[in-house]
Amino acid sequence: MTVMRRMTVTGVVKTRHVTDDHDLARLVREARDEDAAVADIEGCRARLQRARAAQSALAALPAEQLRTALRMRRADLDAGPAI
């Protein structure tokens, strides 16, 4: 049995016992998942930037175009989710 220790955000040391190959495989998967998690965060950041840019562009529209945009949004909401 191998004892692993890690620091948490609060500074508390947590001890975890790795007892078998299943635990080792899980640790390898979780460690490898960091790159995917970072990519997800970067994708979310890009989506947020696009959403904020679109909101700014909509806010700058003349009244008639804004009303048209609101009608389009209402039609999308009334149509429900695309399946």
Side-chain angles (χ1 to χ4, degrees):
M1 176 186 331
T2 303
V3 176
M4 295 179 47
R5 293 175 189 202
R6 68 179 174 94
M7 285 291 250
T8 64
V9 174
T10 60
V12 176
V13 175
K14 294 218 173 186
T15 303
R16 167 95 170 98
H17 298 281
V18 178
T19 58
D20 58 19
D21 288 348
H22 177 73
D23 283 341
L24 289 173
R26 180 189 53 76
L27 289 172
V28 169
R29 277 191 315 275
E30 289 178 2
R32 188 176 52 222
D33 193 44
E34 180 180 8
D35 291 338
V38 169
D40 288 346
I41 290 170
E42 289 171 354
C44 289
R45 182 191 51 78
R47 279 180 52 204
L48 181 58
Q49 285 178 329
R50 286 191 307 269
R52 287 183 176 166
Q55 289 168 354
S56 293
L58 288 169
L61 290 177
E64 187 55 40
Q65 282 186 311
L66 185 55
R67 281 191 286 276
T68 300
L70 290 172
R71 281 193 296 273
M72 292 169 67
R73 177 67 176 142
R74 173 55 58 196
D76 286 346
L77 292 173
D78 290 344
I83 297 175

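All values derive from a computational prediction rather than experimental measurement.
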Below 3.5 Å, can you tabulate the donor-acceptor pairs from side chains in residues 53-62 to any protein atom, sequence neighbours excluded?
{"from": "S56", "atom 1": "OG", "to": "R52", "atom 2": "O", "distance (Å)": "3.2"}

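For CG of D21, the number of neighbouring non-hydrogen atoms (other residues, nucleotides, ligands) closer than 6.0 Å is 12 at most.
Residue pairs meeting the side chain to side chain donor-acceptor pair (under 3.5 Å) criterion with at least one member in residues 32-48, sequence neighbours excluded: R45-Q49.
The distance from atom CG of L70 to atom CD of Q65, rounded to the nearest 0.5 Å, is 12.0 Å. Annotation: the span from R29 atom CZ to L24 atom CG amounts to 11.0 Å, rounded to 0.5 Å. Interatomic distance, M72 CE to L77 CG, rounded to the nearest 0.5 Å: 12.0 Å.
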